[in-house]
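Please read the structure below before turning to the comments.
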Protein chains: 2
Amino acid sequence: MSKSKRLMEMIIAVNRKRRFTVKELAIEFDVSTRTILRDLQELSELGVPLYSEVGPHGGYRILQERLLPPIAFTEREAVAVFFAVQALRHYSSLPFETETSAMLNKFYNFMPEDVRNRIDQMRDRVDFVTPVRQAQSPHLSVLLDAAIRQIVLLVEYVSQRQRGMREIQPIGIFTQDGLWYCWAYCLLRKTYRVFRCDRFESAVPSDSQPLDLQHIDLGSKDQLTRSADDCVYFHAELSAEGVEACEAEPWSVPLLHVRSDGTGWLEGNVARKDISYFASYFVGLGREAAVQQPKELRTAIRQLLSDLMVRYMDKDAE
Amino acid sequence: MSKSKRLMEMIIAVNRKRRFTVKELAIEFDVSTRTILRDLQELSELGVPLYSEVGPHGGYRILQERLLPPIAFTEREAVAVFFAVQALRHYSSLPFETETSAMLNKFYNFMPEDVRNRIDQMRDRVDFVTPVRQAQSPHLSVLLDAAIRQIVLLVEYVSQRQRGMREIQPIGIFTQDGLWYCWAYCLLRKTYRVFRCDRFESAVPSDSQPLDLQHIDLGSKDQLTRSADDCVYFHAELSAEGVEACEAEPWSVPLLHVRSDGTGWLEGNVARKDISYFASYFVGLGREAAVQQPKELRTAIRQLLSDLMVRYMDKDAE
DNA sequence: TTTAACTATGACGTAATTTGTCACTATTAT
DNA sequence: ATAATAGTGACAAATTACGTCATAGTTAAA
């Protein structure tokens, strides 16, 4: 094998192993250790950040958790990656530390002139809008780490009206509409729950014994949250606009049925405790929805409507 | 310079220029043309997709619009890119052709074992949720291309109740809540407008003379859409929950004011023709909002409320 | 304290490779 | 035709790469 080829392959090998000895490489490439040493020095000069320690258990390492080997992107792929990263820029919190701007630059600088121009032209003409929220979510990386390592966290959570400590075992985190949520098993209530990440005041690892939830992840969410609670059958008719509005609500998608003319209906079982939420939701849909079932929901809607009626009546009656 | 180093630099050089002659490189690297020829052959063998044409104006090209820069990603950057691309996977339409899954694999396969494991653990524990819509937007790339090249399109657009041809000059496209929108200058109405991309039945370049809008891009949107039309002053009080709900609506963000206790208000001028939209929006906010001004809006809300009252009254009265 | 497992460097001769030059051929736009 | 390109082959000279051996330094562990 030619030297150049050996060097190129060595870059890859060195990045795959992150730790290796000279002897090891010598055997792998079937050259003498002296040659490997010379090669490694050359790689260093070429900019591969190598670092070595002498002594037993010493050896070479690649520095700074660094350097994935040269990856060949097509132009399309490069553009896609560029915009994917751009799409993240609206998020004020992310679970991994992002030198995204640094890396965008790196990406950008390596591209040939014409691709660069193309990107320049596109960058202000394509956008992925996400609501920018006031609320920060500073504990994302702790939560994610706990989900990965399956450990229990002791958190201080501020819900609607109360604030309290509880223990949770995170399953995963997700973002929607500009807010981050954590889906976790709550050791207090002994059930799965969704928490808003900006409402954690603190989150620290706890000593409590975790459950074995390795096989549970965000993909299991739908199954596990569906069944529970005290349910009631529910049916609402939707206009075409109503259908479109419901498509935007994750909870409603599994219940949604669409007719060929664009209209549709929602049908399924929902938890009784969510009725006040639904009342407000369907009032929001206005003329685009008509709830048929259950009676409780229609009652709640009527109640809400008359409350609002009062609110919007008084002052203008003057 | 050693041959290996020359080869590595040559890979970069060759990717930067996309077209070059042997002589050119010979001068750049200060070696003979014979050497360059040999080097290029070697690069070919190493997998760089080169292609050559003889004759005047001939020369070498790099094929398949490929980029092989030895980009060095840190682990963090790699993870960020991976998830950025993952975040795009919810979009059913994108303005560039995405072999995203192919490219994710490429990325994935190049990473060392441990990074791979880390990603495996994360991939089902982090998600970027975006509503999945029925509506496809097949003309995105045409629209984007028109925005970049500043040309006029003849489109067939289906709005609420009518369908018609019109000429537009796209400024840019953006996605929000799972739908794609195109912001464009409408030659028919002589004004800027937002179109829903899934409602374009067709879009083809037109011969009409484009306006000079080079300096206008998505960043200019706020300024240019603010002023127009017949406006009316508007004021609504919000509870803390109401504030959070308004943060999610892009139009309301510039009007939003937050007090230290979390409550707030919306204040500003809005177009009179949007009143029915606002009525429905504020009814949707229910008890979390109270519109003070203008009277027209309060009237529209009352009207909507009584319509709904009727809808939810009759049947249960039985 | 010794030993073994590492890296690190220098010197040197031989083997291998790289390089430039020169002499060709072939293709194609002008 | 001419000039600008790529592409090949051969050969000698120059350069580089390689292995071996000698030697030294560091450090964890026995």
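Naming convention: chains lettered A, B, ... in sequence-line order (proteins, then strands); numbering from 1 in each chain.
- Under a 4.0 Å N-O distance rule, the pair B:K17/B:E28 qualifies as a salt bridge.
- A residue-by-residue look at A:F20 and A:S4 shows that A:F20 has its nearest nucleotide of DNA chain C further toward the 5' end.
- Ring orientation note: the planes of A:Y192 and A:Y185 are nearly perpendicular, at an angle over 60° on the 30°/60° scale.
- The distance between atom CD1 of B:I36 and atom C1' of C:dG20, rounded to the nearest whole Å, is 13 Å.
- Distance, B:M1 CE to D:dA14 P: 22 Å, rounded to whole Å.
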**Request:** Please report the C-alpha distance between A:F195 and A:F200 in whole Å, then the side-chain angles of each, then the deciding distance to 0.1 Å, and finally whether the ring-ring contact (aromatic ring centres under 6.0 Å, His included) criterion is met.
**Result:** CA-CA 8 Å; A:F195 298 90; A:F200 289 115; 5.7 Å; yes
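- Atom CE in A:M10 sits about 13 Å away from atom P in D:dA17, given to the nearest Å.
- Across all strands, B:G58 comes closer than 4.0 Å to no nucleic acid atom at all (heavy-atom distances).
- Rounded to whole Å, atom C1' of C:dT18 lies 15 Å from atom CG of A:L7.
- For the pair A:T35 and D:dG19, the criterion of a side-chain N or O lying under 4.0 Å from OP1 or OP2 is met.
- A donor-acceptor distance shorter than 3.5 angstrom exists from the side chain of A:T21 to the backbone of A:E24, with no hydrogens or angles considered.
- Following rounding to the nearest Å, A:K23 (NZ) and C:dT7 (C1') show an atom-to-atom distance of 13 Å.
- Between A:W180 and B:F128, the angle of the ring planes goes over 60°, which puts this pair in the perpendicular group of the 30/60° scheme.
- Nucleotide D:dC18 holds its C1' atom 13 Å from the CD atom of A:E42, rounded to whole Å.
- Side-chain atoms of A:R38 come within donor-acceptor range of the base of D:dG19, with a qualifying N/O pair under 3.5 Å.
- Of the candidate nucleotides C:dA8, D:dA6, D:dT8, C:dA8 has the atom nearest to the side chain of A:Y60.
- Considering only the side chain of B:V54, C:dT27 comes nearest among C:dT7, D:dC18, C:dT27.
- Tested against B:D39 for a side chain to side chain donor-acceptor pair (under 3.5 Å), the candidates B:R6, B:R34, B:K3 yield a single pass: B:R6.
- Put simply, A:S52 has a side-chain N or O that comes within less than 4.0 Å of OP1 or OP2 on C:dA8.
- Residue B:D30 contributes atom CG, which lies 13 Å from atom P of D:dT15 at whole-angstrom precision.
- One donor-acceptor pair, N or O on each side, does fall under 3.5 Å between the base of C:dG10 and the side chain of A:R34.
- Positionally, the nearest nucleotide of DNA chain C for A:T21 lies more toward the 5' end than for the other of A:T21 and B:S2.
- Rounded to whole Å, the distance from NZ on A:K3 to P on D:dC18 is 6 Å.
- Note on B:R61: every side-chain N or O is 4.0 Å or more away from OP1 and OP2 of D:dT5.
- With D:dA28, D:dA17, D:dG19 as the choices, the nucleotide that has an atom nearest any side-chain atom of A:V31 turns out to be D:dG19.
- Closest-nucleotide positions on DNA chain D for B:L37 and A:P56 were compared, and the one nearer the 5' end corresponds to B:L37.
- Among the nucleotides C:dT7, D:dA3, D:dA17, the one closest to any side-chain atom of A:V22 is C:dT7.
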